[in-house]
Amino acid sequence: MGEKSVAATDVAKLASQIDAQTQQRDGAPSKHPEFDRLVRTIWRLRQSDGCPWDKAQTHDSITKNMIEEAYEAVEAVKDGSSEHLQEELGDVLEQVLLHSQIESDDSGFDIDDVCRALNEKLIRRHPHVFGPEAGNAQDADSALTVWDSVKAAERANEEDRVHTEGLLDSVPHSLPALMQAQKLSKRVAKVGFDWDSVEDIWQKAVEERAEYEAETPGSEARAEEFGDLLFVMVQLARRDGIDAEEALASANRKMRRRWSRMEELARQKGFSLEDHRELLEDLWQQAKSEE
């Protein structure tokens with residue numbers, strides 16, 4: 001047995017020991033029969049006499065579904081509806097199970113492998129709970145620091161990479177643009193590639209605006225400069241501790257809320273917004289003042 005297999009056996013043994021200890025705690029979850037039923041249902045849908053749509057799916061064909069379902073789950077969190085959140089989490093879980101079944105059908109991993117690998121990773125990355133450092137992390141920030149340090153050590157020790165991973169390689173290209181920009185800039189800032197002050201970032205924003213305005217309207221060059229301007233604005237958010245993605249999402253929700261109120265006010269007055277555009281600003285101010 002190679003070193004890697006021995007290490008895997010040790011991790012599995014540790015996971016088993018930790019689980020045995022956890023099960024002794026009052027209120028510890030036990031069996032989940034509904035999960036097994038769900039796994040079997042997904043399996044059944046992809047059998048020869050199953051659903052034509054489910055049988056036809058591949059990892060690539062349902063990638064966008066995973067993204068959409070995750071966003072809908074986040075929206076349910078924002079709505080504060082437990083019933084809605086339960087439904088949307090189920091839709092996210094369906095995507096996880098379907099991807100796992102697709103892989104299993106191709107003689108790859110299955111849902112048990114997914115759960116096992118995740119459990120072992122959680123144990124590795126929580127030495128402040130399960131390891132010799134237990135109790136060292138006193139708050140969320142210190143716990144996150146431990147997580148990041150273990151994650152970095154894992155990357156450094158991984159032997160199977162065919163090339164050296166760059167600083168930004170692990171930031172997914174599929175992330176929303178604002179979130180991706182914030183993660184990229186945070187990574188490079190950690191190694192010193194950053195502006196000295198917020199004032200310097202504002203100065204850069206002024207420069208980027210000038211470059212944007214210098215390009216021909218509608219041109220690719222103008223669009224590129226607009227992207228540069230947005231990227232700089234994300235740096236302002238990062239330096240001020242603001243989540244740029246959430247900030248824009250909040251602005252979007254505010255826009256939806258105010259516009260809905262404007263439509264309601266227009267209906268109360270017996271007209272449509274489209275037919276009385278001269279009143280839009282007044283209605284906007286009224287909706288705004290009511291918040």
Side-chain angles (χ1 to χ4, degrees), residues 58-75 78 95 163-263 266 272-288 291:
T58 66
H59 289 310
D60 288 336
S61 70
I62 58 172
T63 297
K64 63 179 178 60
N65 298 43
M66 176 74 82
I67 297 172
E68 291 172 1
E69 299 298 356
Y71 272 109
E72 289 178 10
V74 171
E75 188 67 23
K78 301 296 183 184
Q95 296 305 307
H163 67 281
T164 301
E165 184 178 76
L167 180 66
L168 306 180
D169 288 350
S170 63
V171 178
H173 292 266
S174 57
L175 284 177
L178 285 179
M179 186 184 300
Q180 190 175 159
Q182 192 144 350
K183 284 183 175 293
L184 292 172
S185 62
K186 184 178 180 179
R187 290 283 179 87
V188 298
K190 285 184 176 180
V191 296
F193 192 72
D194 198 5
W195 284 276
D196 292 332
S197 66
V198 170
E199 288 71 22
D200 291 337
I201 302 178
W202 274 117
Q203 181 56 45
K204 185 62 178 178
V206 171
E207 294 174 10
E208 293 295 349
R209 176 183 175 181
E211 292 177 9
Y212 162 77
E213 293 177 337
E215 299 294 344
T216 304
S219 67
E220 290 185 9
R222 191 174 175 95
E224 181 178 348
E225 294 300 341
F226 182 73
D228 291 345
L229 180 57
L230 282 178
F231 192 87
V232 173
M233 296 306 294
V234 171
Q235 311 319 305
L236 286 170
R238 175 180 58 81
R239 289 292 289 266
D240 207 24
I242 296 171
D243 184 313
E245 185 73 23
E246 175 53 34
L248 184 57
S250 177
N252 289 338
R253 290 193 294 270
K254 180 166 58 180
M255 177 65 189
R256 289 174 182 269
R257 184 174 65 249
R258 291 180 180 176
W259 188 263
S260 178
R261 178 54 178 159
M262 288 167 62
E263 291 174 327
S272 68
L273 297 179
E274 291 80 4
D275 296 334
H276 290 78
R277 298 186 178 184
E278 72 280 2
L279 299 178
L280 290 179
E281 181 59 29
D282 289 341
L283 290 174
W284 173 268
Q285 293 301 327
Q286 181 176 345
K288 181 178 179 180
E291 293 184 348

Report summary line: Separation between CE (M233) and CG (L178), nearest 0.5 Å, reads 11.0 Å
Query raised in the report: Charged N to carboxylate O under 4.0 angstrom, E75 versus K78?
Result: no
Query raised in the report: Is E246 salt-bridged to R253, cutoff N-O under 4.0 Å?
Result: yes
Query raised in the report: Are any of the side-chain nitrogens in D200 or R239 under 4.0 Å away from the carboxylate oxygens of its partner?
Result: no
Query raised in the report: Going through the distances and angles, do D228 and E225 end up as a side-chain contact (heavy atoms from CB on, under 4.5 Å)?
Result: CA-CA 5 Å; D228 291 345; E225 294 300 341; 3.5 Å; yes
Requested in this report: Please name the pair of heavy atoms, one in L273 and one in A266, separated by the smallest distance, quoted to 0.1 Å.
Outcome: CD2-CB, 3.7 Å
Requested in this report: Spell out, as yes or no, whether a donor-acceptor pair under 3.5 Å connects the side chain of Q180 to the backbone of H173.
Outcome: yes
Query raised in the report: Do Y71 and M66 come close enough that some side-chain heavy atom pair is under 4.5 Å?
Result: no
Query raised in the report: Roughly how far apart are E278 CD and L280 CG, rounded to 0.5 Å?
Result: 8.0 Å
Query raised in the report: So, E291 and R261, do they make that salt bridge, N to O below 4.0 Å?
Result: no
Query raised in the report: Hey, does R238 have a side-chain heavy atom less than 4.5 Å from the side chain of K186?
Result: yes
Query - Residue pair V198 / L236, side-chain heavy-atom distance below 4.5 Å - result: yes
Query raised in the report: Can any side-chain N or O of R187 pair as donor or acceptor with the backbone N or O of L167 at less than 3.5 Å?
Result: yes
Query raised in the report: Does the side chain of Q203 pick up a donor-acceptor pair with the side chain of E199 at under 3.5 Å?
Result: no
Report task. Please tell me if the side chains of F226 and R222 come closer than 4.5 Å, counting only heavy atoms from C-beta onward. Result -> no
